[in-house]
Amino acid sequence: MPPRGSKTTGELIIVHQQSRESRTRARAHLAHNGIRKRIEKQREKDNDSLSPPGSKAVVAPPISAPVALSGFSMVEYLISTNIFPDLSSTWGVSPAVCPGPANLSHTLSRASDVLECIFRASLAFHWLDLNLWATPEKKRNMKVAALTYRGQALALAQKELLRCYTSGSTNCDTIQQPVHPANREICFGIVLRMLQLDYRFARCDVQAHFVACRQLLRASPYNNLTADQRSVEALATTIRNPHLHHLMITFECINCTPNSVIWDDADLDFLTRHLCQLVSRLRACDVASTKDQTLCETIPLTPARVSPSTILWRCLTKRPTSIPSNIYRDVCESSAQIAALLLICSLFLDYEDGSEGTNTSIPYQCVEELENALYALGEENAVSSALNTAWLLAGGLGLPLTKRRARLWSVSGMLYALKRSTSLDLTVTTLDDAVNAQYVKQVCLEFLGSPWRRS
């Protein structure tokens, strides 16, 4: 195996499937010589057309347009010249991540005229916000295009919702369930994308969109959770499209509002208990590990659950700050970081206590896959935002197939419990416990930074 800095191509790589070290080295080699080269080429292309210092403007396309573009033609030109990395980075995700949020949004838009209009409206609004040097005429034309696309999306959405529903009403307060589950998923995709459009660009009250999303996901507006975790597993099967599910979970984890597209206040008791139970389990493991280390030094130590030398650890421990590429200030890095911590911690807990099986190597494989994916982005890009890790996890990277979506939905519920707290420090309280966001992060990091002692 050549060193990581090798520029040689075409080497014969022998991978020993039974050797974890061999698999790790092979993945790292492929990541370096494959994905990294693609990223470097993209950077070279960007460096040739950098915008003026201090400008928020979109990097000018490397190919000049044959004719003057404005409004609708500019939107089509932006799509043809691959605007997706720039638009994805505004969500706090590195432009080197592929597929990014904009890529998945564009993929979804091809299946529906409504989603196509929403995507084009997003591009038009984005161009308006970033092109500070544009002439007043070009801005006016683009604003007309943006509002036209949004208006078309609303009109088409109304027709699509009427087609899918047994009831002719599209009022969010009286919404009925579609006839077929596939229609419900189509409707949910439309409402979620309208929510994301208005949340970012229309800058208006999107409470009704959140309500509509929740009602579409639940069998009825009054179908609340029981104390049984199986109800979460059943709820998590509602959305089958992986791209739509990825966007939904990510938005759930990173949006700055106390609202949710899944949960409402009727679920708070269940979700708060679930959060406190997980934190209690994490604390109990730390206490048990400390006692074992004091009383029985002969028990063999395993490596830390997440090594402090990894890029993943740096992402999980970094201090959340404002993300420069997120010019809209509408995503929350702290929320995304806690989501990633809770996901990884829940994975280790479930396999170490045997509730998900006896193969305790699975959580370490999850960490390994995440580390390789982050390494492929480049260390600087990966650590720039904890949303990179949250985005990868929301797409299921590294997570075992067993109850994968239920795990993602459960963690989103725990975040909702923290966000709905009325305390300034995001404290939630039950009869037996009280936790806040900073305490949850501290407990998770102590758990992941300590070794698991084999019994």
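Everything quoted here is computed from the prediction, not taken from an experiment.
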Looking only at heavy atoms, which two atoms of [X] and [Y] are closest? And how far apart?
{"X": "Ser89", "Y": "Ser325", "value": "O-OG, 2.7 Å"}
{"X": "Ala153", "Y": "Val114", "value": "O-CG1, 3.6 Å"}
{"X": "Ala417", "Y": "Leu268", "value": "CA-CD2, 3.9 Å"}
{"X": "Trp409", "Y": "Met248", "value": "CZ2-CE, 3.4 Å"}
{"X": "Ala437", "Y": "Leu418", "value": "N-CD2, 4.0 Å"}
{"X": "Ala121", "Y": "Ala146", "value": "CB-O, 3.9 Å"}

Answer yes if the side chains of [X] and [Y] hold a donor-acceptor pair under 3.5 Å, and no otherwise.
{"X": "Asn241", "Y": "Glu185", "answer": "no"}
{"X": "Thr238", "Y": "Arg218", "answer": "no"}
{"X": "Asp265", "Y": "Tyr416", "answer": "yes"}
{"X": "Ser260", "Y": "Arg214", "answer": "no"}
{"X": "Gln438", "Y": "Gln442", "answer": "no"}

Taking the side chain as C-beta and beyond, is there a heavy-atom pair between [X] and [Y] under 4.5 Å?
{"X": "Val411", "Y": "Leu278", "result": "no"}
{"X": "Leu235", "Y": "Ile262", "result": "yes"}
{"X": "Leu282", "Y": "Cys444", "result": "yes"}
{"X": "Ser109", "Y": "Ile118", "result": "no"}
{"X": "Asn372", "Y": "Glu368", "result": "yes"}
{"X": "Ile327", "Y": "Leu130", "result": "yes"}
{"X": "Leu341", "Y": "Leu448", "result": "yes"}
{"X": "Met414", "Y": "Leu271", "result": "no"}

What distance separates [X] [atom1] from [Y] [atom2], expressed to the nearest 0.5 Å?
{"X": "Glu371", "Y": "Thr389", "atom1": "CD", "atom2": "OG1", "answer": "9.5 Å"}
{"X": "Ile362", "Y": "Asp350", "atom1": "CD1", "atom2": "CG", "answer": "11.0 Å"}
{"X": "Leu342", "Y": "Leu415", "atom1": "CG", "atom2": "CG", "answer": "6.0 Å"}

Would you call Arg193-Asp198 a salt bridge at under 4.0 Å N-O?
->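 No, this pair does not count.
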Lys/Arg N to Asp/Glu carboxylate O, Asp264 vs Arg420, below 4.0 Å | no
Residue pairs, two or more places apart or on separate chains, that pass ring-ring contact (aromatic ring centres under 6.0 Å, His included) and touch residues 318-338 |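 Matches after skipping sequence neighbours: Phe201-Tyr328.
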Just grab all the ring-ring contact (aromatic ring centres under 6.0 Å, His included) pairs involving residues 85-117, residues at least two apart or on different chains.
-> Phe84-His106, His106-Phe119
For [X], give me all partners under side chain to side chain donor-acceptor pair (under 3.5 Å), at least two apart in sequence or on another chain.
{"X": "Ser412", "result": "Trp263"}
{"X": "Gln152", "result": "none"}
{"X": "Gln337", "result": "Lys441"}
{"X": "Asn388", "result": "none"}

Between the main-chain N or O of [Y] and the side-chain N or O of [X], is there a donor-acceptor pair closer than 3.5 Å?
{"X": "Thr272", "Y": "Asp269", "result": "no"}
{"X": "His246", "Y": "Trp391", "result": "yes"}
{"X": "Ser335", "Y": "Cys332", "result": "no"}

Tell me, yes or no, whether the heavy-atom count around Arg329 atom CZ, taken from other residues, nucleotides or ligands under 6.0 Å, exceeds 12.
-> yes
Donor-acceptor pairs under 3.5 angstrom involving side-chain atoms of residues 92-105: please list them, not counting sequence neighbours.
| residue | atom | partner | partner atom | Å |
| --- | --- | --- | --- | --- |
| Ser94 | OG | Ala96 | N | 3.1 |
| Asn103 | OD1 | Gly100 | N | 3.0 |
| Ser105 | OG | Pro101 | O | 2.9 |

For the residue pair Phe125 and Tyr149, is the inter-centroid distance of their aromatic rings smaller than 6.0 Å?
->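 Aromatic pair excluded; centres sit 6.0 Å or further apart.
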Go through the structure and list residues passing ring-ring contact (aromatic ring centres under 6.0 Å, His included) with Phe348, not counting sequence neighbours.
-> Tyr364
For Phe188, ring-ring contact (aromatic ring centres under 6.0 Å, His included) partners two or more places apart | none
With Arg200 as reference, evaluate Asn255, Asp330, Asp129 under the side-chain hydrogen bond (donor to acceptor under 3.5 Å, both in side chains) test and give the passing residue.
->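 That would be Asp330.
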Any pair with a residue in [range] that passes salt bridge (Lys or Arg N to Asp or Glu O under 4.0 Å), sequence neighbours left out, goes on the list, sorted by first then second residue, please.
{"range": "residues 248-261", "answer": "none"}
{"range": "residues 309-318", "answer": "Arg314-Glu379, Lys318-Glu333"}
{"range": "residues 393-404", "answer": "Glu233-Lys403, Glu356-Lys403"}

